[in-house]
Amino acid sequence: MTTIRAASEADLPRLIELARRSWLSGFTDAPPRFITDWMARNFEQGWYARYWPDMFVAEEDGVLLGVVQPMVDEVNGLWVDPPAQGRGVGTLLLRHAESLIATALHRRAWLTCSGFNPRGCRFYLARGYEEVGRESKDRAGGVVEEMITYERRFNPD
């Protein structure tokens with residue numbers, strides 16, 4: 001049975017590796033230069049070391065399956081390990097983050113997803129999110145990444 005729990009500092013090495021595997025599985029259509037630059041930045045090392053107290057993990061039999069980081073009214077950093085994708089883990093994490101956001105009396109949850117991650121974009125649309133904006137970001141090597149903002153409004157009652 002998959003459970004959701006608060007992340008712990010002891011999870012850091014597994015969280016970093018899970019996020020990297022998940023990112024690579026979602027960005028298969030991204031330009032090679034974009035992927036090379038992302039890998040060279042080693043972004044996850046610093047991010048997870050700083051923000052793990054705000055994260056929640058999906059776990060089954062001691063194995064981390066996914067992670068999400070709700071930040072105020074934003075669903076940030078939702079990643080599911082590739083072998084666990086398609087099993088409802090992402091939906092479970094997304095709904096957990098939304099529950100925390102709604103409990104804090106926010107009327108909506110929002111997030112951004114890269115246009116280089118079309119599977120992620122379809123995932124959010126299928127779960128009631130609507131596109132509300134796009135922004136082009138200049139990346140290394142002349143790559144332009146389109147960031148798509150989605151939101152899901154909660155019922156007022």
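For reference, positions follow the sequence shown, starting with 1.
At a threshold of 4.5 Å between non-hydrogen side-chain atoms, the residues N117 and W23 do not count as touching. Considering only heavy atoms from C-beta on, E151 stays 4.5 Å or farther from E131 through its side chain. Between N76 and W47, some side-chain heavy-atom pair lies under the 4.5 Å cut-off. Residues P118 and D29 have side chains in contact (heavy-atom distance under 4.5 Å, counting atoms from C-beta outward). For the pair Y150 and C121, the minimum side-chain heavy-atom distance is below 4.5 Å. By the 4.5 Å heavy-atom criterion applied to side chains, R119 and S25 are counted as neighbours. The shortest side-chain heavy-atom distance between R139 and V144 does not fall under the 4.5 Å cut-off. Inter-residue side-chain proximity for W38 and E44 is flagged as met; some heavy-atom pair is nearer than 4.5 Å.
Within the 3.5 Å criterion, the main-chain N or O of I16 finds no donor-acceptor partner in the side chain of R21. Using a distance-only test at 3.5 Å, with no hydrogens or angles considered, no donor-acceptor pair links the side chain of D81 to the main chain of A84. Side-chain N or O atoms of T103 include one that pairs as donor or acceptor with a backbone N or O of S99 at under 3.5 Å. Looking at S22, its side chain does come within 3.5 Å of a backbone N or O of V80 through a donor-acceptor pair.
Under a hydrophobic-cluster definition in which Ile, Leu, Val, Met, Phe, Trp and Tyr are linked whenever side-chain heavy atoms come within less than 4.5 Å, directly or via other members, F56 and L64 are assigned to different clusters. Under the 4.5 Å side-chain contact rule for hydrophobic residues, L18 and L93 do not share a cluster. Residues L24 and F34 share a single hydrophobic cluster, defined by chaining ILVMFWY side chains whose heavy atoms lie under 4.5 Å apart. The cluster map of Ile, Leu, Val, Met, Phe, Trp and Tyr, joined by side-chain heavy atoms under 4.5 Å apart, puts L92 and L100 in the same cluster. Hydrophobic clustering (side-chain heavy atoms under 4.5 Å, transitive across Ile, Leu, Val, Met, Phe, Trp, Tyr) keeps M55 apart from V63.
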Applying side-chain contact (heavy atoms from CB on, under 4.5 Å), run through Y48 and V67 and close with a yes or a no. CA-CA 11 Å; Y48 283 79; V67 60; 4.0 Å; yes

Give the intermediate values and the outcome of side-chain contact (heavy atoms from CB on, under 4.5 Å) for residues C113 and M147.
CA-CA 6 Å; C113 190; M147 297 302 297; over 6 Å; no

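Remark: the T149 side chain and the R134 side chain contain no N/O donor-acceptor pair separated by less than 3.5 Å.
For the atom pair CD1 of I148 and OG of S114, the computed distance is 7.5 Å after rounding to the nearest 0.5 Å. We find the CD1-CZ distance between I35 and F116 to be 9.0 Å, quoted to the nearest 0.5 Å. To the nearest 0.5 Å, the span separating OH on Y129 from OH on Y124 amounts to 8.0 Å. To the nearest 0.5 angstrom, D37 atom CG is 6.0 Å from R41 atom CZ. Here L15 contributes atom CG and Q69 contributes atom CD; the two are 10.5 Å apart, rounded to the nearest 0.5 Å. If you take CG on L78 and CG on L111, they are separated by 8.5 Å, rounding to the nearest 0.5 Å.
With salt bridges taken as basic N to acidic carboxylate O contacts below 4.0 Å, one links D73 and R108. For the pair E145 and K137, the salt-bridge criterion is not met [side-chain N within less than 4.0 Å of a carboxylate O]. Between E130 and R152 there is no salt bridge, since no side-chain nitrogen of the basic residue lies less than 4.0 Å from a carboxylate oxygen of the acidic one. A salt bridge does not link E17 with R14: none of the charged nitrogens is closer than 4.0 Å to a carboxylate oxygen.
Using bins of under 30°, 30° to 60° and over 60° for the plane-to-plane angle, the ring pair F27/W79 lands in the tilted bin.
In the displayed structure, M71 atom CE is contacted under 6.0 Å by more than 12 heavy atoms of other residues, nucleotides or ligands.
Among all heavy-atom pairs drawn from L12 and A49, the shortest one is CD2-N, 3.7 Å. In terms of heavy atoms, A6 sits closest to D11 at O-OD2, 4.5 Å.
For the side-chain hydrogen bond (donor to acceptor under 3.5 Å, both in side chains) condition, the pairs that include at least one residue of residues 50-64, sequence neighbours left out, are T2-E60, R5-E59, E60-R87.
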